[in-house]
Amino acid sequence: MVEVEELRPHADHMSTIEDSDSVASIVARITLFNAGFEEHKQHFHHTQLHGTVGRDFDCIENTLDELKHKFTQLKTQLKALGSESRNGTLDVAKYRAKDDLASTRYHDPWALKLEEYKRYGRQLIMPEVGMPGQLRLKASSVLIVGAGGLGCPAAAYLAGAGVGKIGIMDGDIVEVSNLHRQVMHNSAWVGKSKAVSLGNALRLINPLPRYEIHPYHLVPENSAIAAGYSMILDCTDRPSSRYLISDMAVVHGIPLVSASALRTEGQIMVLNDPPVSSDSEKAGPCYRCIFPRPPPPESVQSCGEGGILGPVVGVMGVLQALEAVKVIMRPPDRPANPPSLIMFSAYGSQMFRTMRIRGKNPTCSACSSDTTITRQSLESGSQDYMAFCGALEASDVLAAKDRVSVMDFASMINRSGTPVNHTLVDVREKPQFELCNMLGSVHVPFSLLRRWKNAEEATTALSIDIESHEPIYVVCRLGNDSQATVNKLRELGIDRNGARKIMDIKGGWEAWRKDIDQSWPEY
Amino acid sequence: MEGKIETQIMDTMPEGKEGSSVKIKVLFFARARELTGLSEMPMEVSSGSSAHDCLNDLVAKFPSLEEIRGCMVLALNEEYTTESAIVEDKDELAIIPPISGG
Ligand SMILES: [Zn+2]
């Protein structure tokens with residue numbers, strides 16, 4: 001335990017510095033205090049503390065900041081004095097006037113550092129922010145899980161606004177295909193930690209907040225990290241982490257701003273606001289109250305699979321920062337907004353829609369009074385989020401005899417030039433097919449063929465003769481949809497009970513690029 | 001073409017019940033929009049129909065919607081609703097599955 005009581009006398013002692021004190025004595029005392037403070041800080045980081053002790057700790061750190069500031073001012077004064085006297089032009093009367101003014105208490109101590117007034121001036125003069133809002137921002141601490149398309153803009157605006165402490169958690173590395181939307185990373189940082197990259201970028205925007213970088217993935221076992229924060233932002237990209245983060249917010253009693261985006265659409269909700277622990281009557285819903293059942297894995301696509309328009313996820317990340325500062329700056333006597341889901345559709349007839357969503361579900365498995373999810377059960381790892389959300393079966397849907405390797409397929413191409421003795425069906429969606437394709441292949445997108453109801457639809461679209469014996473090879477990007485297509489064609493009877501060979505190309509074009517043709521584009 | 005609002009008339013009126021129907025607008029979001037290929041669609045159902053009835057009709061027309069039936073949120077006129085809610089003439093029924101990406 002950090003002995004906060006022990007720190008206090010030091011702090012009190014330091015705050016009684018008089019202008020009459022010699023600079024040397026102030027320096028000595030600050031140095032002494034600093035050393036003690038650093039020692040306690042180390043101690044603090046080694047023990048998992050939170051709650052009131054954490055707040056005392058922040059308070060002491062602020063005192064230290066202010067003392068350092070005062071010290072700098074005194075040093076500047078002394079320097080000015082020295083240079084004037086060296087030049088032999090010391091105007092004693094003028095200096096005395098300034099000195100008198102400085103020692104006259106004609107105002108209370110400023111609540112912010114001078115550089116903060118300057119830095120936050122444009123928002124400080126707004127009625128929505130003002131001094132109370134800025135002080136709330138400074139006292140807040142936000143954990144951002146995910147340093148990607150949502151986390152980049154969200155973190156940038158929170159750092160700029162002067163949130164006191166920002167945590168960045170992400171175990172991924174920067175990839176070149178991230179850079180069209182994850183705007184705080186840069187090409188020089190490809191291959192390195194996203195969390196570290198984002199932290200570096202934030203320090204350049206605003207060096208004043210405290211940044212805590214967690215360059216690893218969130219799992220239930222390390223979810224205690226939320227204890228050091230007053231709010232969480234869910235900037236992740238899969239259902240399992242969305243439920244885990246919601247449960248973290250509930251057990252730690254802190255609000256959550258959850259946003260998501262795919263292709264041209266996005267969703268954002270402020271959840272657990274106010275938190276369950278405060279006043280369960282007024283508490284806001286959690287993610288499980290709204291979406292008690294996760295989407296089936298076959299309906300879930302990542303941005304890597306489904307695609308994402310950069311500004312779409314950017315809009316959602318910026319909205320997330322906006323909702324976060326609104327919650328942080330809200331005066332304690334003002335009620336939270338009614339729970340709502342903001343939906344963004346870049347190409348919709350109406351770009352933004354706000355849907356009023358339900359309040360807390362009295363039988364919610366996470367936030368109701370009879371929940372089984374506790375901080376302990378969470379951190380012990382007994383909640384299995386992967387199992388809850390399910391996973392697509394490993395990509396071997398078909399038996400080995402129904403699959404052809406890219407090697408074998410390549411040898412068939414080589415023998416006969418372009419495919420003449422077989423039909424090659426490419427089932428990628430149209431934009432992907434237009435990026436790169438093989439001459440002579442037949443294009444039928446999977447989204448279309450999965451709706452086929454009879455063999456005629458298939459034979460027409462593929463322009464094949466139902467009686468033919470020519471084998472059909474099916475290919476897609478990674479080798480999943482191609483297997484589902486083989487099964488679909490069999491269901492429709494195209495294989496005439498095995499008389500005609502229908503096979504998928506194992507691993508799809510990605511395997512083709514890796515093993516056969518490096519000039520095939522990677523996308 | 002994505003973005004362009006495609007509409008389609010759907011008549012699920014039982015025969016012989018003319019005059020006792022309501023016309024509503026169904027809005028599809030995210031995965032629901034992908035599965036149906038539509039952003040929105042007018043729909044005619046017999047008066048007294050619930051959101052549940054409307055969903056049954058929709059799944060009959062678009063069987064692939066079954067995939068997200070368990071995880072979707074329903075909103076009637078931009079407000080959360082349950083499947084038991086009765087739809088009225090000119091109502092807007094929104095079908096909202098969660099988006100998980102980011
Ligand atoms: Zn809940």
Chain B heavy atoms under 4.5 Å from [X]: which part of the residue, side chain, backbone, both or neither?
X: Arg238(A); result: backbone
X: Thr354(A); result: backbone
X: Ile290(A); result: both
X: Pro295(A); result: both
X: Tyr287(A); result: side chain
X: Gln182(A); result: neither

Next on the checklist: For Arg451(A), is the CZ atom crowded, meaning more than 12 foreign heavy atoms sit under 6.0 Å from it?
Outcome noted: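 Yes, enclosed.
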Next on the checklist: A side-chain contact here means heavy atoms from C-beta on lying under 4.5 Å apart; do Phe291(A) and Val73(B) qualify?
Outcome noted: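 Heavy-atom side-chain distance check passes, below 4.5 Å.
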Next on the checklist: Please classify the contact of Ile96(B) with chain A as side chain, backbone, both or neither, using a heavy-atom distance under 4.5 Å.
Outcome noted: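 Ile96(B) touches chain A through backbone and side-chain heavy atoms alike.
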Checklist entry - By a 4.5 Å heavy-atom criterion (distance strictly below it), what part of Pro98(B) contacts chain A: side chain, backbone, both, or neither? => result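 The answer is both parts of Pro98(B).
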Checklist entry - So, are Arg356(A) and Glu78(B) salt-bridged, with charged N and O less than 4.0 Å apart? => result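 Glu78(B) and Arg356(A): not salt-bridged.
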Checklist entry - Going by an N to O cut-off under 4.0 Å, is there a salt bridge joining Arg31(B) and Glu265(A)? => result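 Glu265(A) and Arg31(B): not salt-bridged.
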Checklist entry - Does Phe388(A) have Arg288(A) sitting over its ring (NZ/CZ under 6.0 Å from centre, angle to axis within 45°)? => result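 That pair qualifies as a cation-pi contact.
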Item to check | Centroid-centroid distance, Phe344(A) to Phe352(A), less than 6.0 Å | outcome: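 For Phe344(A) and Phe352(A), the ring centres are under 6.0 Å apart.
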Checklist entry - Taking Gly102(B), Cys71(B), Ser100(B) one by one, which has the highest count of heavy-atom pairs under 4.5 Å against chain A? => result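 Looking at each option in turn, the highest pair count goes to Ser100(B).
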Picking from [options], which has the most non-hydrogen pairs under 4.5 angstrom with chain B?
options: Met355(A), Glu305(A), Arg450(A); answer: Met355(A)
options: Asp234(A), Thr236(A), Val313(A); answer: Thr236(A)
options: Met316(A), Met343(A), Gln301(A); answer: Met343(A)

Next on the checklist: Is it the case that the side chain of Lys360(A) and the backbone of Cys367(A) share a donor-acceptor pair, with hydrogens and angles ignored and the cut-off at 3.5 Å?
Outcome noted: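 Yes, Lys360(A) side chain to Cys367(A) backbone: donor-acceptor pair under 3.5 Å.
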Checklist entry - Has the side chain of Gln267(A) got a donor or acceptor atom that lies under 3.5 Å from a matching backbone atom of Pro97(B)? => result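 Present.
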